[in-house]
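Source: prediction; values computed, not measured.
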Amino acid sequence: MKRNNHRMNLIFALILAAACAAAVKCVLIVSEKRPELEERLDAFEVTVDKRARRGVIVDARGNLLAVSKLKEDVFIDGAAMLSPYKNESRRHYIARYETIAKLEELLGLPDCSIEKKIYKTPKDRYRHIIVARGINQEQRTKFDKIFEYRWDEDSEEITRSRLYGTGIDYRWEREYPMGRLFCHTVGYAGQQKTGSEGLERYYFDLLSGEKGMQRFLVDSGRRPVSRLGGETGAKNGKSIILNLDSVIQMFASDALEKRCEKFKAESGFAIVMNPQTGGVMAMANYPDYDPENLGQSEPSSRRNRAVTDLFEPGSVVKPLIMAGAVDMGAVSKGRIIDCEDGMFYRRGSGRIQEYNYHRYGNLPLKEILIKSSNIGMAKIGLILKKKGLHECLEKIGFTYKTDIDLPGERSPKIRPLDRWTGYSVTRIPFGQEIGITGIQILRAYCAVANGGRSVRPYLAKAVIDNDGNTVQQLGADFERYGKIFSEDTCDFIMDALAGVVNSEDGTGKNAAMEDYTVFGKTGTANIYDPATGQYSNKHYTASFVGGAPFKEPRAVVLVSIRKPDRSLGMGYSGGRVSAPVVKEILDNTLDYLNVPPEKTSEK
């Protein structure tokens, strides 16, 4: 009996040992084959992104500037199409190649083009190859017939016919109904923020929303077998309403393009702002581009020069420097300055002469602006001295960005104070030796026009959710920026700017209008050539800043045109080239805004 028990225990031990050995072997096999098994499992588990619809962008009147349209793409599974399967029947093998031929016929593709595409596709994208993007309605109808439900008489069941290893992908494609009109402001949206421009980039995350996800278990032909857990819904992006107005944008864009082409200019930009709020009503650049055909445009044409390009502005800064000097108490409003009969020399500051060899004697401050005297402004610089002039630039806002809601704004370029020379204090007051952007210039002019209050330029004024509710107000932030000039100083400068346009000998008389008292300032700046270290006598930047009405300005406009062709004999100054453009834009804009006419005598 004991012997039998001993034998049974031995047998049990052997069985247990064999089972343990088998278990260990299984663990070793699974461990060794785990990557391969996981790869096979993943091959039949598909995660599908639920793409969020990008928010729309509309102008101040509700016109669509950017919208997402649903597009359908045809994709194939390269492995399901061409890779051989073990024990695959000849019927299935032929079916795969029949599918490829059918697809090529349906999509109008050349013979064997799909096979070539499969073989050229990297392995990491082998299971999902797009063969046709944005199929049209006729092609979609043919696909619907292929995918339609049918009654199978043999099995007496409803079956769904399907092209082997194929499917339809859905995506949102960005469209820009206004075409080129807002290409530099609205910009364009890429797959990532870094591949986008304009407002599409600045508000990229807000517009994008959040994508969702759904996991499926599929068979070898990529046909869904069942849903897996972990589904998340997509959250569509929010939308934004702009302060930009399509009609005013058209006024600015058309006037700028005509002038640049007439003078065969290299480039130019125009900005229209509401001086009371800082709201940008229009911003146009020349040349422009089609945001839906980026491949056909030059990179230089995609730059928004109004915010990205630094340039020496010339005489348009004179009223701003004078406003700062008067406001700081460096010069009085009744000051008379000797303009040296057209030629001024000071040791350490070099020789300065008037534009076009004009010869002026004693001039009051207003006449210095009306006649655009370089010598008068140079002497104001000498009165301010280095430290005072630098403080003046800070006061105006020429030492920091405007923080406009556009990407790429450049910081002003002003040399450190310890590197200033005697030339600096006499050249900066008439717009040399500093680099600023157009939007920075116009911000300062808005402060002069509204009584001294600084503004932040902005394009977007509100954020809208998917139910049409306003969830955020953007734009004006008056408390943050405060006043930079006194009202008395602004009134004094505004009178002088009105004289620039409306006086017989004013440099901006080409901007004068019958119904409104226009105020403004010309600027004609020689372009500095780094290669020679000299200012060019052939190439200029012609600028003009103007606004109206005089009493309660509704619009201030800056037009700057780079390198008008001097050889045409039509002029190259800001007063000749850019002032008429500002006049045209102001005339159309004020009429469009129904601003009542203003008589000069009521100034």
Side-chain angles (χ1 to χ4, degrees), residues 245-263 268-276 279-282 284 315-316 318-319 366-367 369-372 442 445-446 448-451 490-524 542-561 564 570-603:
D245 189 302
S246 299
V247 177
I248 301 175
Q249 179 74 18
M250 182 180 62
F251 294 153
S253 182
D254 288 351
L256 177 68
E257 182 179 7
K258 285 187 299 183
R259 204 63 173 175
C260 286
E261 291 181 350
K262 181 176 181 177
F263 280 82
F269 64 82
I271 314 170
V272 184
M273 280 178 63
N274 181 337
Q276 311 302 328
V280 178
M281 295 183 281
S315 297
V316 292
K318 289 176 179 176
K366 287 184 180 179
E367 287 296 315
L369 292 184
I370 291 172
K371 293 179 167 56
S372 198
L442 202 55
Y445 268 89
C446 284
V448 172
N450 68 29
C490 291
D491 289 343
F492 176 77
I493 298 298
M494 286 287 284
D495 280 338
L497 294 178
V500 169
V501 178
N502 300 285
S503 298
E504 184 62 32
D505 56 351
T507 59
K509 59 186 178 183
N510 286 329
M513 298 169 62
E514 292 184 5
D515 294 333
Y516 305 96
T517 301
V518 178
F519 58 92
K521 184 67 187 77
T522 55
T524 308
S543 304
F544 187 82
V545 184
F550 179 81
K551 285 188 175 180
E552 296 181 6
R554 292 287 301 277
V556 179
V557 182
L558 167 61
V559 170
S560 185
I561 295 177
M570 296 186 295
Y572 58 91
S573 68
R576 292 290 299 275
V577 179
S578 298
V581 187
V582 172
K583 175 184 177 180
E584 181 179 342
I585 295 171
L586 276 175
D587 194 14
N588 288 326
T589 298
L590 296 177
D591 181 59
Y592 170 69
L593 295 175
N594 294 316
V595 178
E598 173 190 50
K599 292 183 180 180
T600 305
S601 61
E602 296 178 351
K603 185 178 67 175

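Looking at Lys366 and Phe492, their side chains come closer than 4.5 Å, going by heavy atoms from C-beta outward. Counting heavy atoms from C-beta on, the side chains of Asn510 and Lys583 never come closer than 4.5 Å. Between Ile248 and Leu593, some side-chain heavy-atom pair lies under the 4.5 Å cut-off. Using a 4.5 Å heavy-atom threshold, the side chains of Leu442 and Val545 count as touching. Contact of the Asp495 side chain with the Phe519 side chain is not registered, since no non-hydrogen atoms from C-beta on lie closer than 4.5 Å. Residues Ile370 and Asp505 have side chains in contact (heavy-atom distance under 4.5 Å, counting atoms from C-beta outward). Side-chain contact between Val595 and Pro549 is present, with heavy atoms from C-beta onward closer than 4.5 Å. With contacts defined as side-chain heavy-atom distances shorter than 4.5 Å, the pair Ile271/Val280 qualifies.
Heavy-atom minimum distance, Ala282 versus Ala252: CB-CB, 4.1 Å. Ala496 approaches Leu369 most closely through the heavy-atom pair CB-CD1, 3.7 Å. Looking at every heavy atom in both residues, Met494 comes nearest to Phe550 through O-CE1, 3.4 Å. Taking all atoms of both residues into account, the shortest heavy-atom contact from Tyr445 to Leu497 is CE2-CD1, 4.1 Å. The shortest non-hydrogen separation linking Val556 to Ala449 is CG2-CB, 4.2 Å. Between Val577 and Val581, the shortest heavy-atom distance links the atoms O-CG2, 3.6 Å.
None of Lys371, Arg576, Lys521 except one satisfies the side chain to side chain contact (heavy atoms under 4.5 Å, CB included) rule with Thr507; the exception is Lys521.
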Trace of the side chain to side chain contact (heavy atoms under 4.5 Å, CB included) decision for Val501 with Lys509: CA-CA 4 Å; Val501 178; Lys509 59 186 178 183; 5.9 Å; no

Steps toward side chain to side chain contact (heavy atoms under 4.5 Å, CB included) verdict (Glu552, Gln276): CA-CA 9 Å; Glu552 296 181 6; Gln276 311 302 328; 5.6 Å; no

Residues Glu598, Asp515; criterion side chain to side chain contact (heavy atoms under 4.5 Å, CB included); working and verdict: CA-CA 5 Å; Glu598 173 190 50; Asp515 294 333; over 6 Å; no

Steps toward side chain to side chain contact (heavy atoms under 4.5 Å, CB included) verdict (Val559, Ile561): CA-CA 7 Å; Val559 170; Ile561 295 177; 4.1 Å; yes

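Expressed to the nearest 0.5 Å, how far CZ of Phe269 lies from SG of Cys260 amounts to 10.5 Å. The distance from the OG atom of Ser372 to the NZ atom of Lys318 is 3.0 Å, given to the nearest 0.5 Å.
With hydrogens and angles ignored, the 3.5 Å screen pairs a side-chain donor or acceptor of Ser578 with a backbone N or O of Ala542. The backbone N or O of Ile585 sits less than 3.5 Å from a side-chain atom of Thr589, completing a donor-acceptor pair. In this structure a side-chain-to-backbone donor-acceptor pair under 3.5 Å is missing from Asn274 to Ala555.
Between Lys258 and Glu584, at least one side-chain nitrogen of the basic residue sits less than 4.0 Å from a carboxylate oxygen of the acidic one, meeting the salt-bridge criterion.
A donor-acceptor contact closer than 3.5 angstrom is absent between the side chains of Tyr516 and Asp587.
Glu261 CD: more than 12 foreign heavy atoms inside a 6.0 Å radius.
Scored by the salt bridge (charged side-chain N to carboxylate O under 4.0 Å, His left out) test, Asp491 finds no partners at all (sequence neighbours excluded). Residues forming a side chain to side chain donor-acceptor pair (under 3.5 Å) with Ser560 (at least two apart in sequence, or on another chain): Ser543.
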